2 protein chains.
Amino acid sequence: MTVIFSKKCEYGMQAILYLAAREKGNLVSSDEISKVLKIPREFISKILQSLRESGLIISNKGKSGGFGLAKDPSRIKLIDVVAAIDGLDIFDSCVLGFPECSPTHPCPVHETWGTLRTQAYDMLNSETVDKLKDKTLNKISSL
Amino acid sequence: MTVIFSKKCEYGMQAILYLAAREKGNLVSSDEISKVLKIPREFISKILQSLRESGLIISNKGKSGGFGLAKDPSRIKLIDVVAAIDGLDIFDSCVLGFPECSPTHPCPVHETWGTLRTQAYDMLNSETVDKLKDKTLNKISSL
DNA sequence: TTATAATCGGATTATTTTATCCGATAAAAA
DNA sequence: TTTTTATCGGATAAAATAATCCGATTATAA
């Protein structure tokens, strides 16, 4: 198998996009997120907890509690979720797995892969959950 | 953590590049590959076995046995190794992990990520181990 | 104040990936 | 023919990732 982001990270991005799309002031329960996105309930809870610790979302316990964005959706980017969960190593490590792959000791595909990697980073760094709101709503409705 | 290709696949690509760079007609032992590339011996053996089953490399048992490319280095591409070990799912699955992400049910970053994915595929599909020979020799010498 | 409904968080289990062990087999060289 | 040096391949171990369990806590609403 082969993966770009961990399940945790994928689920985290889905959840934060959902919070942005669903937002009407009130909080959203992990149960709702779990059901709509079809993510195991206890698992998404753990992920939401860690996103809370990272300061991307807030939560309230108790009845009518739940989760919500910690700041304006125009200020939350996909790369923030990646950084919080998987970390940014992927944008700085060798695609062939060679140690110490750097401009002075480049792997055989160092430059050409580097270009792609930069593009990927830039994309995740420019897409805010706000900008993706409509597309998210559209995707959600088909789940 | 976050990964693009599995360790198996990374090691497999390194090994096949090494075979191409090292080639002088004679076979290369898994022991040599293990030592030069600093890959656990038993692990690279297993990977080489599977690449042999995939028809990318050949092997001989016994004294002066070892592994070698099964065809001309100009006809072996990095994507062949990926296809043999990790499979090509990564080039056809949603980066956000949404189910059934397709043109009719696109995820919020479907088009923009699709472009990157295609570029990555094209790159791996155009780089032959032959073309990468010099750069591989150069990298190897720094290990 | 009490019942309800939510998160919190530590412990545990399951699954996948990565790595290792070792006996069997095979081929070449001595 | 015997010894040496490889791969082969099945079984197992270790580590990382994914998922679950459940009791404790907390806040709201009735």
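Since the structure is predicted, the reported quantities are computational estimates derived from the model, not experimental observations. Labels below follow one simple rule: chain letters A, B, ... track the order of the sequence lines, proteins then strands, and each chain is numbered from 1.
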Let me see the working for B/Asp31 and B/Ser29 under side chain to side chain donor-acceptor pair (under 3.5 Å), right down to the final yes or no.
CA-CA 5 Å; B/Asp31 198 53; B/Ser29 73; 5.2 Å; no
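For A/Lys61, the listed nucleotide lying nearest its side chain is C/dT7; candidates were C/dA29, C/dT7, C/dT18. The side chain of A/Lys8 has D/dA18 as its nearest neighbour among D/dT5, D/dA18, C/dT4. Closest contact between the side chain of B/Gln49 and the listed nucleotides C/dA29, C/dC8, D/dC8 involves D/dC8. Side chain of B/Lys63, nearest nucleotide from C/dA27, C/dC21, C/dT18: C/dA27. For B/Tyr11, the listed nucleotide lying nearest its side chain is C/dA19; candidates were D/dA27, C/dA19, C/dT7. Here D/dA18 is the nucleotide among C/dA19, D/dT7, D/dA18 with the atom lying nearest to any side-chain atom of A/Ser6.
Counting non-hydrogen atoms under 4.0 angstrom, A/Arg52 reaches the backbone sugars and phosphates but no base. Using a 4.0 Å heavy-atom distance criterion, A/Ser30 is classed as a sugar-phosphate-only contact.
No side-chain N or O of B/Thr128 forms a donor-acceptor pair with one of B/Asp130 less than 3.5 Å apart.
Between B/Ile44 atom CD1 and D/dC8 atom P there is a gap of 13 Å when expressed in whole angstrom units. Taking atom NZ of A/Lys38 as the reference point, atom C1' of D/dA19 lies 19 Å away to the nearest angstrom. If you measure from atom CG of B/Asn60 to atom P of C/dT25, you get 18 Å, rounded to the nearest angstrom. Atom CD1 of B/Ile33 is separated from atom C1' of D/dT5 by 16 Å (rounded to the nearest Å).
For the OP1/OP2 pair of C/dA27 and a distance below 4.0 Å, the side-chain nitrogens and oxygens of B/Ser64 include no atom meeting the criterion.
Of the two residues near DNA chain D, A/Arg41 and A/Gly65, the one whose nearest nucleotide lies more 5' is A/Arg41. Comparing A/Phe43 and B/Asp31 by the nucleotide of DNA chain D that holds the closest heavy atom to each, the one mapping nearer the 5' end is B/Asp31. When each of B/Gly62 and A/Ser59 is assigned the nucleotide of DNA chain C with its nearest heavy atom, A/Ser59 is the one assigned upstream, toward the 5' end.
For the pair A/Glu32/A/Tyr18, a side-chain contact is recorded, criterion being any heavy-atom separation below 4.5 Å from C-beta on.
Residues A/Asp86 and A/Lys8 are not paired through a salt bridge, judged by the lack of any N-O separation under 4.0 Å between the basic side chain and the carboxylate. The pair A/Lys7-A/Glu10 counts as a salt bridge, with a side-chain nitrogen and a carboxylate oxygen less than 4.0 angstrom apart.
One can find a donor-acceptor pair under 3.5 Å joining the base of C/dC22 and the side-chain atoms of B/Glu42.
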